[in-house]
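Here the structure is laid out as structure tokens; the discussion comes afterwards.
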Amino acid sequence: MNKTVSHKEHQVDSRLHIVVIGSGSAAFAGALAATERGARVTMVEGGDVIGGCCVNVGCVPSKILIRAAHLAYQQAHHAFAAIEHHEPKIDRAKLTAQISERVKSLRFAKYERILSRNPSIDFIRGWAKLLDARTVEVLTPQNQSVRIVADKILIATGATPWIPPIPGLEKTPYWRSTEEIFADEMPHHLVVIGSSVIAVELAQAYRRLGAEVTILARHRLLSKYDAILGDNLVKYFAEEGIRVITQATVKNVVYQAGEFVVSLGNEKVCGDRLLVATGRRPNTADLNLAAAGVATDDSGAIIVNERLETSCPGIYAAGDCANLPQLVYVAAAAGHRAGMNMMGERGVLNLDAVPMVIFTDPQVATVGLSPQEAIAQGLRVETRTLSLDNVPRALANFDERGFIRLVAEADNQCLLGAQILAHDAGEMIQTVAVAIEQRMSVTEFAEMLFPYLTMNEGLKLCAQAFFKDVSQLSCCAG
């Protein structure tokens, strides 16, 4: 960083003083919202770089890797007979260097430069813990203790990969997602323990870059989501040569002669690299939360109300360390509203229609309620599922993998949710999110104008399927 950042005394500064613990998306959003409203902020970060997970080791580098893998795969597996297929040569070290350079530039533009140009934010490098409801102690890299008294505190310390207690695992050089994203060499056979977002995204990317891949799913693929999504994704993964073993209980892991041997009891799976992607846990264990009476749930996530305030008045939490969806845009929205609320405003985080995307190919995207979730809430539901051979854009792409499903309340036809498995599903899902927020009915949704030959038009067709046979419609039939 160009700016020398250090704690400065504000002996005569009467502005509200807020301590922000963390420097990721939630932390920065909260700090900027507070300073825009007249506060001064002291930001504390214990890691080597600022910016949190997303820009450094999460969303940004993984999506670059996934995009590169998609382009490589298309060269050998596209559907157009007039274009010659060929296997691309992959230079993994060059790809890693390109990923690292883009991460560095984004971290500078979105975090370091913003911090250096904001005179209302001071920065301390060190590890923070609470001494009471208003006092934060920071242990600096020089092993010095700094105590800071704050008017309000925002905890935004994020989460880190959780490693399950599998016998033998800790003695092996397994990968977390960070090591996999920034690896310089390609494995011959990658074994993945885990079956959720990070696991499936990186598994497919590595397969498309040339590795053999086996996924070990404790239950089923994408077990936290509607089964229709994971079950169909398994089918498409199999077509690419990705083996998925469901109901897999890992008994132990051994590493010998450069090979991982993963025992499932009745079977052993061997590979030269092992990725453990079994979820993330909040970074709260070392914060001494009990000293301030800050409550957490069983996973260690800080419990917050709709205003992002914890059980201790004046202490707020946002991002992956709180009991919120672990999505970076939720973290940023929560941090912003926490910043508003610490300054006396009333910002409420509405999580009724949170869009979510998994960047596999085809992509998985959801928003709102699944049929099962709606029924569990006592609602009568009606659904329509549209196969993509009914979507003109999918036909033009020669890619009819997947489906679109809309969920509506039977009594008033009001949209409740959507589950999509399709090329560019992530670009489609926000349209449904807006419709749900506006309490639109499927009829109102179907009557909207959707551009022809876009994947988004499939949403209109699925809505029309609630009251007509879309297979009998001409192109663009409204």
Side-chain angles (χ1 to χ4, degrees), residues 222 224-232 305-307 323-325 327 329-330 333-334 337 346-358 362-388 390-394 402-422 424-452 454-473 476-478:
L222 300 180
K224 294 182 180 179
Y225 302 93
D226 193 292
I228 193 175
L229 297 166
D231 291 350
N232 277 273
N305 60 23
E306 64 177 11
R307 300 184 64 250
N323 61 330
L324 301 168
L327 299 166
Y329 40 96
V330 173
R337 285 157 179 80
R346 184 165 181 81
V348 175
L349 183 63
N350 183 354
L351 298 176
D352 290 342
V354 179
M356 184 282 306
V357 183
I358 301 174
Q363 292 177 355
V364 174
T366 70
V367 68
L369 301 177
S370 69
Q372 295 80 8
E373 289 168 337
I375 292 169
Q377 293 186 15
L379 300 173
R380 292 199 317 116
V381 300
E382 188 175 353
T383 68
R384 292 293 185 275
T385 302
L386 184 76
S387 61
L388 296 192
N390 289 289
V391 179
R393 180 68 211 195
F403 62 88
I404 300 167
R405 183 173 70 185
L406 294 178
V407 183
E409 191 171 354
D411 295 333
N412 56 20
Q413 295 284 288
C414 187
L415 279 168
L416 296 173
Q419 297 82 44
I420 306 174
L421 181 65
D424 278 347
E427 308 300 328
M428 302 163 64
I429 200 64
Q430 188 62 30
T431 302
V432 190
V434 172
I436 293 172
E437 288 280 4
Q438 295 300 312
R439 299 289 297 168
M440 293 180 67
S441 69
V442 290
T443 301
E444 292 169 328
F445 195 51
E447 289 177 348
M448 291 179 62
L449 296 177
F450 284 76
Y452 182 57
T454 64
M455 289 300 295
N456 237 14
E457 185 195 17
L459 297 173
K460 177 185 179 75
L461 291 166
C462 191
Q464 288 178 312
F466 277 81
F467 46 84
K468 61 177 65 175
D469 181 357
V470 296
S471 67
Q472 300 304 309
L473 297 177
C476 309

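One is the number of the first residue; the rest follow in order along the sequence. We use all heavy atoms of the structure for the numbers below, so side chains are in, but hydrogens, waters and symmetry mates are not.
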Item to complete: Apply side chain to side chain contact (heavy atoms under 4.5 Å, CB included) to Phe467 and Gln413, showing your working.
Response: CA-CA 11 Å; Phe467 46 84; Gln413 295 284 288; 5.6 Å; no
Please name the pair of heavy atoms, one in [X] and one in [Y], separated by the smallest distance, quoted to 0.1 Å.
| X | Y | value |
| --- | --- | --- |
| Ala334 | Leu324 | CB-CD1, 3.8 Å |
| Leu386 | Val470 | CD1-CG2, 3.6 Å |
| Val442 | Ala463 | O-CB, 3.7 Å |
| Val391 | Gly458 | CG2-CA, 3.9 Å |
| Gly426 | Ala365 | N-CB, 4.2 Å |
| Leu416 | Ala408 | CD1-C, 3.7 Å |

Rounded to the nearest 0.5 Å, what separation is found between the [atom1] atom of [X] and the [atom2] atom of [Y]?
| X | Y | atom1 | atom2 | value |
| --- | --- | --- | --- | --- |
| Ile404 | Leu461 | CD1 | CG | 7.5 Å |
| Arg307 | Leu349 | CZ | CG | 12.5 Å |
| Thr385 | Ile228 | OG1 | CD1 | 5.0 Å |
| Asn390 | Ser471 | CG | OG | 6.5 Å |
| Gln430 | Glu437 | CD | CD | 8.5 Å |
| Ile429 | Asp424 | CD1 | CG | 12.5 Å |

Fill in: Pair Ile375-Gln372, side chain to side chain contact (heavy atoms under 4.5 Å, CB included): steps then yes or no
CA-CA 5 Å; Ile375 292 169; Gln372 295 80 8; 5.8 Å; no
Are [X] and [Y] close enough for a salt bridge, meaning some N to O gap below 4.0 Å?
| X | Y | answer |
| --- | --- | --- |
| Asp226 | Arg405 | yes |
| Arg439 | Glu444 | no |
| Arg384 | Glu382 | yes |

Item to complete: Applying side chain to side chain contact (heavy atoms under 4.5 Å, CB included), run through Leu351 and Val330 and close with a yes or a no.
Response: CA-CA 9 Å; Leu351 298 176; Val330 173; 4.1 Å; yes
Discussion item. Consider side chain to side chain contact (heavy atoms under 4.5 Å, CB included). Of Gln377, Gln419, Glu409, which one does Leu369 pass it with?
Written reply: Gln377
Worksheet item: Any sub-3.5 Å donor-acceptor pair from Gln464's side-chain atoms to Asp469's backbone N or O?
Response: no
Item to complete: Evaluate the side chain to side chain contact (heavy atoms under 4.5 Å, CB included) criterion for residues Leu229 and Phe403: first the C-alpha distance (whole Å), next the side-chain angles of each, then the deciding distance (0.1 Å), finally the verdict.
Response: CA-CA 9 Å; Leu229 297 166; Phe403 62 88; 3.7 Å; yes
Worksheet item: Is Met448 close to Leu459 at the side-chain level, that is, under 4.5 Å between some pair of heavy atoms?
Response: no
Discussion item. Does any part of the side chain of Tyr225, heavy atoms only, come nearer than 4.5 Å to the side chain of Val364, both counted from C-beta?
Written reply: no
